[in-house]
Amino acid sequence: MGAVPPDLLSPERHGGNLEAVARRLGCRPADLLDASASLVPFGPPASVRRVLQAVLSTPPGRPSPLRDYPDREQLRLRRAIAAHHQLDPAAVLPGNGAAELFTWLARDAAAAGPSLLPTPGFADYPRALACWGGAWSAWPLALPQPGTVAWPQPLPPPPAGADSALWITNPHNPTGQLWSRASLEPLLERFALVIVDEAFLPLVPAGESQSLLPLVASHSHLVVIRSLTKLLAIAGLRLGYAVADPARLRRWAAWRDPWPVNGLAAAVGEVLVGDRRWQERVQRWVAAEGPWLQQRLRQLPGLTPLPSAANFLLLRSDHSLVDLREQLECRHRVLLRDCRSFEGLGERWLRVALQDRRNNRRLLRALRQEISR
Ligand SMILES: Cc1ncc(COP(=O)(O)O)c(C=O)c1O
């Protein structure tokens, strides 16, 4: 078994480290504008608070999702997710965020053979594979070129090799590239296990039409992962789900701890997973703020924003952006995602999460001031 390399656990491998940064800067987390993690900035929806308040106001001694052990079968939550996507509830497994599900998925991937991971890519896949000593190789992706790109784009064909499991992120993280379903479908013929992480897909305008969810029922070697932590801005509460062959999910359920999804997250998920009005609102925000921010970032000297279909985008420069990122943090309390931990990127890259208009302006002001120093 391979040990987890220590740097896989370092906070720099993920954005959103508000507590740690506030401690370092000697300020409050509320003083920070966090554009390093890509959560919906105007969430969570009011209905999340309503569900939580209803749970918290249950009198002591009465059954409630706070007091009692969660349902081991997670039946109500699985039914709600299944109804939203028109699936069989047996094909749905909720998790403590998508990240928990990657751990079990990686056990299957490691058993299937070597994994192929598009790079630069999300650091949690190697973390999960390392749990099981799973071998993987990097597949360097061409980055989207500045200028107008119409989404979705076809995913280029993977390199020929002996890899058994393929991990796709759609839209891709950190680029925000949206891959077309038509280009992903043929990959099901080539790999023993195909994983499609659709954590950000519900946020992408018209993104759902590229989902591979409709193919799961006919392909037992396809696993689709979803997350509600970004869409609903409940990264602290944590909720995600896998959609896959029921036999595979029963196996995972036997491996994990008995109550991986807490009662409050389940109660919120049951009510919110089918909230199409929220999803439409989020997509309208991405459709409006994405191009607006891109256009203004293009006007800043020395920074090139790459096209993105998602609620985050990559910034490229010809020189190191390490100092700029640190100055934004120290002088303006604005956090951008350091990209040095992404294989194939480095000091000349930053990732920016879309904000609401007011905070996008704050972000631009801070960038303008630091660039003109
Ligand atoms: C592509 C991708 N998938 C999954 C996750 C993890 O989601 P969750 O918070 O549900 O564990 C992230 C978090 O940043 C991500 O970027």
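Heavy-atom basis, side chains included; hydrogens, waters and symmetry copies ignored. Indexing begins at 1, ligand by ligand and atom by atom, following the structure's order.
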### Query
With a 4.0 Å cut-off, would you call R226 and E208 a salt bridge?
yes
### Query
What is the nearest protein non-hydrogen atom to atom 12 (C) of ligand 1, stated with its residue, atom name and distance?
F122 CZ, 3.2 Å
### Query
Are any of the heavy atoms in E100 under 4.0 Å away from ligand 1?
no
### Query
At a 4.0 Å threshold, what atoms of ligand 1 neighbour a non-hydrogen atom of T169?
1 (C)
### Query
What is the closest protein heavy atom to atom 11 (O) of ligand 1, and at what distance does it sit?
R238 NH2, 2.6 Å
### ligand 1 contacted by H172 (non-hydrogen, < 4.0 Å)
no
### Pair F191 + W167: ring centers closer than 6.0 Å
no
### Task
Report, in ascending order of atom number, the atoms of ligand 1 lying under 4.0 Å from any heavy atom of A99.
11 (O)
### Message
Check this for me: does any side-chain nitrogen of one of D31 and R333 sit under 4.0 Å from a carboxylate oxygen of the other?
### Response
no
### Message
Counting non-hydrogen protein atoms only, what is the nearest one to atom 13 (C) of ligand 1? Give residue, atom name and distance.
### Response
K230 NZ, 2.8 Å
### Summary
Note: ligand 1 atoms sitting under 4.0 Å from heavy atoms of G97 are 10 (O), 11 (O)
### Query
Is the centre of the W259 ring less than 6.0 Å from the centre of the Y69 ring?
yes
### Message
Minimum distance, heavy atoms only, to atom 2 (C) of ligand 1: which one of L237, L231, D197, T229 is it?
### Response
D197
### Task
Would you kindly say whether T119 and E343 are connected by a side-chain donor-acceptor distance under 3.5 Å?
no
### Task
Between A199 and ligand 1, find which residue part has any heavy-atom pair under 4.0 Å and reply side chain, backbone, both or neither.
side chain
### Message
With respect to G240, determine whether any N or O atom, backbone or side chain, lies less than 3.5 Å from an N or O atom of ligand 1.
### Response
no
### Distance-only N or O hit between ligand 1 and N173, under 3.5 Å
yes
### Task
Indicate whether any N or O donor in one side chain lies under 3.5 Å from an N or O acceptor in the other, for S115 and D163.
no
### Task
Assess the side chains of H332 and E370: does a donor N or O sit below 3.5 Å from an acceptor N or O?
yes
### Message
Holding to side-chain contact (heavy atoms from CB on, under 4.5 Å), I want the full list of residues that pass it with P41, two or more places apart in sequence or in another chain.
### Response
W285, Q355
